[in-house]
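Report on the structure given below.
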Amino acid sequence: MQISHHPFLFGIIVLCAMVSAVSAAEVVVESDQLIVKGLDDSIGLGAFSIVLGYDPARTTVTEVTFIEPFTGATNIQPDEKTVRISGFTVESGLTGDIPVARIVYEGEGLFDVYVNTLVNVQGDAVETSNSAYGGEAPVSPGT
């Protein structure tokens with residue numbers, strides 16, 4: 001009995017073995033915290049620039065504070081229906097689900113999360129499933 005070898009099939013198998021599945025991180029608001037979920041980067045989260053869209057008629061954001069080891073700047077803009085949050089850390093190795101900020105608000109707390117920048121501590125871009133902010137918050141946040 002002869003086994004035929006297909007070089008094309010062998011090449012596909014080798015390629016599949018070499019390529020590991022890379023999943024994109026997702027940034028969400030859960031339990032009054034802004035969390036980077038599923039960060040699979042061995043170097044760790046370094047910096048981010050995030051915009052939260054919300055409806056000021058239903059939610060009032062009063063404060064955003066960073067969770068150690070992150071620091072940065074925030075800008076609550078009710079007229080633009082946004083909260084801009086930019087932060088960084090120099091601590092390496094932060095992976096998995098990473099809480100980066102606490103959001104203090106009154107009302108519904110429905111937020112649309114846009115990620116303009118998400119990078120590891122070396123400044124390399126980290127893939128995210130969130131879209132970037134296009135300048136216009138949606139009419140009905142939280143969708």
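Two residues are said to be in side-chain contact when any heavy atoms from C-beta on lie closer than 4.5 Å; T62 and T60 meet this criterion. In this structure the side chain of Y54 reaches within 4.5 angstrom of the side chain of P78, judged on heavy atoms. At least one side-chain heavy atom of P69 sits less than 4.5 Å from a side-chain heavy atom of L94. Between I103 and Q33 there is no side-chain heavy-atom pair separated by less than 4.5 Å. You'll find the side chain of V113 reaches within 4.5 Å of the side chain of L52, heavy atoms only. Counting heavy atoms from C-beta on, the side chains of I98 and I35 never come closer than 4.5 Å. Inter-residue side-chain proximity for F111 and V61 is flagged as met; some heavy-atom pair is nearer than 4.5 Å. In this structure, the side chains of V27 and L34 come closer than 4.5 Å at one or more pairs of heavy atoms.
Summarising the geometry of S92 relative to V121, their closest heavy-atom pair is CB-CG2, 4.0 Å, with the distance given to 0.1 Å. What you find for S129 and A24 is that their closest heavy atoms are N-CB, 3.8 Å. L45 approaches T89 most closely through the heavy-atom pair O-CG2, 3.5 Å. Listed here is the closest heavy atom pair of A101 and V64: CB-CG1, 4.1 Å. In this structure, Y114 and A132 approach most closely via the heavy-atom pair CD2-O, 3.8 Å.
No side-chain donor-acceptor contact under 3.5 Å links T82 to the backbone of R84. T59 contributes a side-chain N or O that, together with a main-chain N or O of G109, makes up a donor-acceptor pair within less than 3.5 Å. Judged purely by atom type and a 3.5 angstrom limit, T128 uses its side chain to pair as donor or acceptor with the backbone of A25. Side-chain N or O atoms of D97 include one that pairs as donor or acceptor with a backbone N or O of G38 at under 3.5 Å. Looking at N116, its side chain never comes within 3.5 Å of a backbone N or O of I50 through a donor-acceptor pair. Not one N or O on the side chain of D40 forms a donor-acceptor pair closer than 3.5 Å with the backbone of T95.
Between L110 atom CG and D55 atom CG the span is 9.0 Å, to the nearest 0.5 Å.
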Residues V119, T117; criterion side chain to side chain contact (heavy atoms under 4.5 Å, CB included); working and verdict: CA-CA 6 Å; V119 297; T117 306; 3.8 Å; yes
Check against side chain to side chain contact (heavy atoms under 4.5 Å, CB included), Q77 and V83: CA-CA 6 Å; Q77 301 173 312; V83 177; over 6 Å; no
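Between R102 and E63 no salt bridge is recorded (no basic side-chain N to carboxylate O distance below 4.0 Å).
Note: the hydrophobic cluster containing V36 does not contain F88 (ILVMFWY, side chain heavy atoms under 4.5 Å, direct or indirect links).
Ring geometry for F66 against F48 counts as tilted: the plane angle lies between 30° and 60°, on a 0 to 90° scale.
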